[in-house]
Structures are given as C-alpha cells and as structure tokens.
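See structure below.
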Protein chains: 4
Amino acid sequence: MKRGSSDLPTSVRPPAKRVGGARASSPPTKSSATAGRDAPSTRAAKAAERRAAIVDAALDEFTARGFAATRIDDVAKRAGVAKGTIYLHFTDKEAMFQELVRTALVPTMQRLTSQPAPGVSARQMLETFAETFLRDVAQTRRGDILRLVMAEGTRFPSLAEFHYRNVVEPGVAGIRRILELGVARGEIHAASLAQFPQLAVAPVVLSVIWQGLFGRFAPLDVQAMLRAHLDLIFGERTAP
Amino acid sequence: MKRGSSDLPTSVRPPAKRVGGARASSPPTKSSATAGRDAPSTRAAKAAERRAAIVDAALDEFTARGFAATRIDDVAKRAGVAKGTIYLHFTDKEAMFQELVRTALVPTMQRLTSQPAPGVSARQMLETFAETFLRDVAQTRRGDILRLVMAEGTRFPSLAEFHYRNVVEPGVAGIRRILELGVARGEIHAASLAQFPQLAVAPVVLSVIWQGLFGRFAPLDVQAMLRAHLDLIFGERTAP
Amino acid sequence: MKRGSSDLPTSVRPPAKRVGGARASSPPTKSSATAGRDAPSTRAAKAAERRAAIVDAALDEFTARGFAATRIDDVAKRAGVAKGTIYLHFTDKEAMFQELVRTALVPTMQRLTSQPAPGVSARQMLETFAETFLRDVAQTRRGDILRLVMAEGTRFPSLAEFHYRNVVEPGVAGIRRILELGVARGEIHAASLAQFPQLAVAPVVLSVIWQGLFGRFAPLDVQAMLRAHLDLIFGERTAP
Amino acid sequence: MKRGSSDLPTSVRPPAKRVGGARASSPPTKSSATAGRDAPSTRAAKAAERRAAIVDAALDEFTARGFAATRIDDVAKRAGVAKGTIYLHFTDKEAMFQELVRTALVPTMQRLTSQPAPGVSARQMLETFAETFLRDVAQTRRGDILRLVMAEGTRFPSLAEFHYRNVVEPGVAGIRRILELGVARGEIHAASLAQFPQLAVAPVVLSVIWQGLFGRFAPLDVQAMLRAHLDLIFGERTAP
DNA sequence: GATGAATGAGTGTTCATTCAT
DNA sequence: AATGAATGAACACTCATTCAT
C-alpha cells in the first residue's frame, strides 16, 4: 500500500505462545494431516503469522491516523483477521499501540548506533550514520513511526520514556562517541559540540518532521542538507 | 494550570460580529455615537471575553490531549461556558481546532522574524532570534502549540500548509537573510549554510520536541545548546 | 415563496395585547411623532403585523416540515423577527403549533359549510361545495394545513378533537343536510347515503392526500374526479 | 401493547447474512452438509429473531410517534436489544424508517389485490376487498402504518413514491379491473367510475384517517359505511 | 484458538427556551 | 417590547471490548 508496508521485521516479538522455538520458515513437513504431532508447529506458525499481520496493519493505521483515530476494526480488516483475534494478542488498544511503537524502532536503532567502525574518520562515521538513517529510516515506514512517537509521545509518557531509553539515549551516546573521537583527532574544532551531540542529530530530526508535514508541497533535499551539515561540522571538504 | 495559560493574546480574532465602533480596549468615553447606551460595548466586550476564554481553554485542552482526545465538554467547562456556547463561535470541533492553531502562532512568528536589525552583526541577530524564541515560544504555551502542529499536522494537511506559509516559510526566509549577511561579511565560513537555513533552526526544532517528550526526566539546557550551535556556525567566541 | 404564502387571513387572532380595537388597516393618523397618544395605536398595529408575520411563517414551516422538524429559529428568520419575539406571542412551540393549526381552517370551513343555498338543487349545492373547496382549499396553502392535521393529529389529540368539532363535524352536518334534501327531493336514490355523509366527502379527502403525496409524479384530475363522483350520486347528467 | 404488536410477518427481510442453508422454518434435520454443528442455524435464527424484534419495536414506535419523535433508544429498549445492535441492522434512523415502512405493506397489498376471483360478481369482489381490508389492515397495525405513510410521506418523497408504485398503483389497477368488469356486465351504471377507481377506494382511505384521528370520540361504523358505498355503486341490494 | 454479533458508555451536535440588555 | 447570546437537556451515532458459538 504505502512506501514500506512490509519493510519492517514484522515479527516484533517472537510467536511467544506455545512452542517457543519453531519458526515460520521450516515447511510444515507433513502438514496438519490428522492433527499429528507437528500440528502445533503449524499452529504456532500460523499464530505468528497472524500476529505479524496484526502488527503490520496496526502500524500502518496508527501512523496514518494517530492513536485516537485508529479503529480496531480497521486494523482487523487490514490484517485479515476478526476483531476479537486482536484481543488474543493484545490486552488493549493502548497496550497494542505502545507495544508496537516501542519495539518497532529498537532493532533498527541498534544497528544504526552499534557501528563498530574500526579506523575510519569521524566524518566518515557520521556520513555512514546519515546514509544509513536516510536509507533505513527516513525513506521507510520507520520514519512514520518516528513521527508517530513525536506526535503521541506527550500523551504516552511511558512510551516517550521507553523511546528515550532505547532509541534516543543510545543514539545520542553513539554520536557523542564519534564527536569526541573527531575532537580528539582534530577533525572537529568546535569542542563544545561533543557536549551537545543533539546538535549533530538535529537536522535529521528536522528532516523527519519536515518531510512528514511539508514534504508534499515543499520537499527538502535531505541528502544535500546533511552534507552541508557535515561541512559545517568538519569544514568544507577539500578534496573528494 | 500550566505554565502560561494566559500568555497568549487570547483575542485570536476580534469580537467581529456587530461591533458598532468602540473597541474593547479604549474605555467608552463617549460611547458609540448616538446609540446612547453603551450596552453594545459591554455586550461586545463580554462576547470577546467569552470567546477569549474559549480559545484559551481550547488551546489548553488541545495541547494537552491532542485533537481527537479533547472533549468539547471539557473545553466548555474550563472556559466556564455551556457547551452550546462554543458552537456560537465555531461551527465545529475541527474548525475550532484549525482556527485556533492557525492563528495562535502567527503574530509571534511575525515579531520573531521581522527583526529589522540595523547594523548589528549576524551572530548577534541569531542570538537575538534564539533568545526571543526561548523567551516567547519555548518557555510559553506557544511551544506546546508548536508541538501540536507537528503532532497533528499530518492529519490536517491544510493546517500544515497554513503553518508552512505563515510560520515556517517566513521564518526560514528571515534566517536565510541573516545567514547571507553573515557569509557576505565573512562572519560565516560555511557558505553552503545559507542554502539550508533549516540547519540553523534545526536545534530549535529539536529542543521543542525534546522538552515536550523527554524534558521531564532528561531536561536539556537549551540555552547552552543554542550557544554551542552559534559557536559551531561562527566559530568560538574569542573574547566576551 | 410557495403557492399561497399569504392567502390566509394571517391575523388568526386579533392583536389581543393592549388596545384591543385598533386594526392594522387604519393609517397611523399622525404617526409616532414624539410618541404621542396615537403611539399605542401604531405600536399595536406593529405588534399585530409581527404576530401575523410569525403566524404566516410558522404555517409555512410547519406544513413544509411537520411539527418536530420545524425549528423556531427558522420561523423567526422567515418572519423577520428575533427568536425571543416568538415567545412573546406563544408560550411554547407546541402551543404555537396547535393554536395556528386550530384556527387556520375555521373561517374557511365556516364559509364553506354555511352555504345558505336558497332554492338550488342538491346537486348544485354539492357542486358549489366542490368548487369552493377546490378553489379555496385544495389549491391554496389550506390544503397543506389539512394534510398537516392528518399527519400530526395522532400526536396532538386535542388538536384532532378541536379539528373535529370545528371543521369536520360542521362540515359533515352541512353535507348531510344537502344529502337529505337531495333524498327528499328524489334527486338521490341511495337513501343510505344520508346516513354516511362521509361518503360524499371521501373523494375530497382522498384528493388532498393524493396530491400531497403523489401529485408530483402522478397528478390527479381532481375536478374531473369530483364530477364523476357527483354523477355517481345523482346519476349521469342528461343534458348540460 | 397495542392492537397487533405482532400481527405483521415481522421478518421483513430474511436473515440474509451468511446463512449456510438451513432455513429457520424447517428443523435442521441433518443440518448443513458437513459443518457438523448446527450453530450457524441457531445463530442465524437468533439474528433473525433479533431483527424481527427490532422491526416490530420500530414499527410500534414510529407509528405511535412519527419519525422525528421516535428515539432509537426507545426502539432498542422495546426490542430488548442494545442501541448499538440496531446499527448492525440499519445504517441509520432514516434508513430504518424507510426500509420498515416500505416493506411493511407490500405483502398484504399483494394479497389484497391479487384476488384472481373466478366467476364471482363485481360487487362480491369489491365486498371481499372491503372485508379483507377491514380485517387485515384497518383492524391491525397495518392501518397505523398506512397512516404513517400519509403523515410522513411528504417528508420522504422516495418513500411516497415507493408506496405509490407498490401499494397504490397496483391497488388502483386492481380496483379498476373490477370496476370495468362491473361496467361490462351491467352491474355498474356509472361508466365514468372506471376512470376514477380512486372513487371506489376513497371511503377506505377516509376510514383509515378517521379512525386514527377521531375514532376515540367519534367512532365510525366503517363496515356499514362501506356497505352503503357499495349500494351507491351497484344500487341497493334487492334480495340478500 | 478464532470469530463477529452484541453491548453500552461516551461524545459531537442541535435546538427549545430563558433572560440580561 | 424586542433582541439574540447563552444555556443545557436530549439524542444519533461510534467504537473498544466482551463472549457465546
């Protein structure tokens, strides 16, 4: 439907229910024949599939309409399940919302910030960060989720805090490390930058909001802007 | 209730209706022409008061809960009027929401961007901008409104566009002028900055979001951060 | 606006308020000069005018929408008065409705049934009745009022009863007299007809309903039908 | 409650939905194919029951109060269901009203007019018609519905037209056929009667209105009146 | 487990009526 | 008397949640 209706590792949470292990990948060898022993495997797989479909549909609806305006009915329809089924997986609309949004960004953010980055320059590290962010977040449904957090965070303090602990804080810390490296290596002159790593991420935040609100009629060349931002931090690139 | 429940020039729109002539501000010295009684003046004043109360209450509720979760009933209660009274001033919950949010920021933004600023340095101009923003927006209810626009803008495209035309575009244009001045005067080395004035505002945007979402448990020293940002743009201040 | 927006003797009830006598007809001899002694006359006249306007507007609205769907606001607007003014003339929406509808038909019905009828034949009497009815009721707004009574009568028993006492009963009685005359004179053979004068009026009732409900797409030639009805009662006309 | 709260074949429309096969009437002898449980049958039956209850309650309320004054809440209460349940069956108060009233009379009218009537006299045919009408309409809730159509038809043009096409037109056509037969056979002398079959039905229409409005305090002996009417058309009965 | 019919509390909106001006 | 802003009870309709099948 939209950009990346399935670009997320939908299985936000493993099947969980019975039979923890069996993943949906293994083919149902003998299928459900007469309800033999591998039936549970199939059943679990189906459950996982269902859950994934719900998660996926819910994220679509929530990002499109916000928490309050999203109808469970629509989520169910989009997921191809009955309304009641949703309540087998989530206690509550709010619980669903929070759980989904909470977990939707964590894996990505981990990947984004855990750049081991061996001996590359700080500038390159930030460039990689920016590229990855653009590719994996800004241009996928994750950008919508980020916007959703910003939009609904005020109404769901625990969600905001979760997001802070798991997404923002690690991200800021990672950036800070890079900046300190840059300062130590003399790549960066403004020493105070390392005290406010937020300054390095601010353009990224702005771009997410901008595209969401104004992108339709006033698109922003985010890539160029981020490059200009790096130039500001590191000075203009001398030679390519 | 909160920070600045009445720090806005509530009279988002003048009484309008049949106001004979006498404005609510100036005392009805001789009242309106031959009409004799100053009743209309009083009545109009009361109407304006009521409208202001509604506007005020509505902004409080909307910023606190968002559009969908705000109950007209609560707005009425907070404004001290009956529910029906609200419908004498606004056709509809959505109309109320949009009208309020639309106009709430415009005057401020005009003041903020229309700095004539004669012969001061570009750095001082940006400093003034930052200070004014902190004082008049970030630390007042207007910050909440800004957040509200970001939060609900996606669901109200026309609102987003209005906001862009009347708040964002003029603001960006004003900043750009300052930046170009700075580049021309040699205050700013990164020439590409003038191409993306958004970079200069990004920390301000981030701070609004940050304080709204994480301020409770992870407050940000916005003033210090903005100073660091200016240092990044203009270079560290040599001597105070 | 519609057929006969003012074909009724709007002054359903005389001014009533102060100064019983002064009718709207007499010109305000010296006008309201300095609020002299004839001011009351003018005032009363104006009041009567206002009342008439309200009555007129109310009948239009009630016949067009029925009791429940008629808004006092609309009546006021149509009458060119303020909403509150209506409550100076009627205690209540229901009171207004009943009073209007009650009196709207009485004078007409009196004229319709009080045919002195000197020495004409019974057939001619009924013909006159039919013609008068067509001209003064069916083709004017009174037809709508008749329909209104039929439509809302169930919900306003006292209205129905008033209508019965003042419109139906006299009407039926009048018709019965004619029929008895016809039987006595040998014009009418079916003696039992005089026992059910309703049979003679039934086509008239039907035509009012028919035109109101189906007239748009299946108009009925009421005149021809009524002629056929007379033929049925009196036998075909031999020579014109 | 009143006369015939359940004298209508309430099931205005069959259960419809997913009814597997087994109809509510025939006992689920072997139930539907291999589905095993006859649950669907039971569920469908219950749904049909509920719908019937709603239809029944709604007709009662609508005929008692008219469209505008009927409260969904009351219909629900009377039907013994929750308010929301009504919206599972009808999209809208107006839709409910129209659908109910539309279909409530059709089957009866079909029975009433489709008298094949082999070799009986025209008079007997009309007598049968009158008797059937009295028994099945005038003295049941259907009379109320007829009145309802007359009362609200002006406000619901499509309803009026539906009623015309499905009730009035066929009825009039049927009567016309009888009248033509009567004229052809010499039973009826007034040839023009066949041109206005409405004349033959007018007393029936009148009686429905009369009883609804004035029946309480001025009951009408409809049977006797209709007999007199037939006498008028066919001439007095000579021998029983 | 899965379903979806049923529920009923909740909310936006209307409108008859009042009353200060 | 006339006005029309203000009131608040009333009501249609929605939708999260439950539970019998």
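Below, chain A is the first sequence line, B the second, and so on; all start at residue 1. Computed over heavy atoms, backbone and side chain alike; hydrogens, waters and symmetry mates excluded.
Remark: C1' of dA5(F) and CZ of Phe90(B) are 15 Å apart, rounded to the nearest angstrom. When the P atom of dC11(F) is taken as reference, atom CD of Glu61(D) falls 12 Å away, rounded to whole Å. The distance from atom CD1 of Ile54(B) to atom C1' of dA6(F) is 10 Å, rounded to the nearest whole Å. Residue Leu88(D) contributes atom CG, which lies 9 Å from atom C1' of dT7(E) at whole-angstrom precision. If you measure from atom CD of Glu49(B) to atom P of dT21(E), you get 12 Å, rounded to the nearest angstrom.
Each of Ile86(C) and Ile86(B) was assigned the nucleotide of DNA chain F with the nearest heavy atom; the assignment lying further toward the 5' end belongs to Ile86(C).
Between Arg51(B) and dA6(F) there is no side-chain polar atom (N or O) within less than 4.0 angstrom of OP1 or OP2. For the pair His89(D) and dA5(E), the criterion of a side-chain N or O lying under 4.0 Å from OP1 or OP2 is not met. OP1 or OP2 of dC15(E) has not a single side-chain nitrogen or oxygen of Arg65(C) nearer than 4.0 Å.
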Sequence neighbours excluded and cut-off under 3.5 Å, please list the side-chain donor-acceptor pairs for residues 79-88 of chain D, or say none.
unit_1   : atom_1 : unit_2   : atom_2 : d
Thr85(D) : OG1    : Ala82(D) : O      : 3.4

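Salt-bridge annotation for Arg102(A) and Glu94(A): absent, with no side-chain N of the basic residue lying under 4.0 Å from a carboxylate O of the acidic one. Checked for salt-bridge contact, Arg155(B) and Glu152(A) meet the test: a charged N lies under 4.0 Å from a carboxylate O. At a threshold of 4.0 Å, the pair Arg51(C)-Glu99(C) counts as salt-bridged, since one of the basic side-chain nitrogens sits closer than that to a carboxylate oxygen.
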**Prompt:** Should Phe90(C) and Val55(C) be marked as a side chain to side chain contact (heavy atoms under 4.5 Å, CB included) after you check the CA-CA gap, both sets of side-chain angles, and the distance that decides it?
**Reply:** CA-CA 10 Å; Phe90(C) 303 93; Val55(C) 167; 4.1 Å; yes
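Lys93(B) places a side-chain N or O within donor-acceptor distance of the main-chain N or O of Phe67(B), the cut-off being under 3.5 Å.
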**Message:** Pairs counted only when both distances fall under 3.5 Å, Watson-Crick or G-U: show me the 5' to 3' dot-bracket for DNA chain F, [ ] for pseudoknotted crossings and | for other-strand partners.
**Reply:** .||||||||||||||||||||
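Inter-residue side-chain proximity for Leu100(C) and Phe62(C) is flagged as met; some heavy-atom pair is nearer than 4.5 Å. Looking at Arg78(C) and Ile54(C), their side chains never come closer than 4.5 Å, going by heavy atoms from C-beta outward. In this structure, Arg71(D) and Val75(D) have side chains that are not in contact, with every pair of non-hydrogen atoms separated by 4.5 Å or more.
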**Under 4.0 Å protein heavy-atom contacts per nucleotide of nucleotides 14-20 of chain F, with B for base, S for backbone only and - for none** = BSSBB--
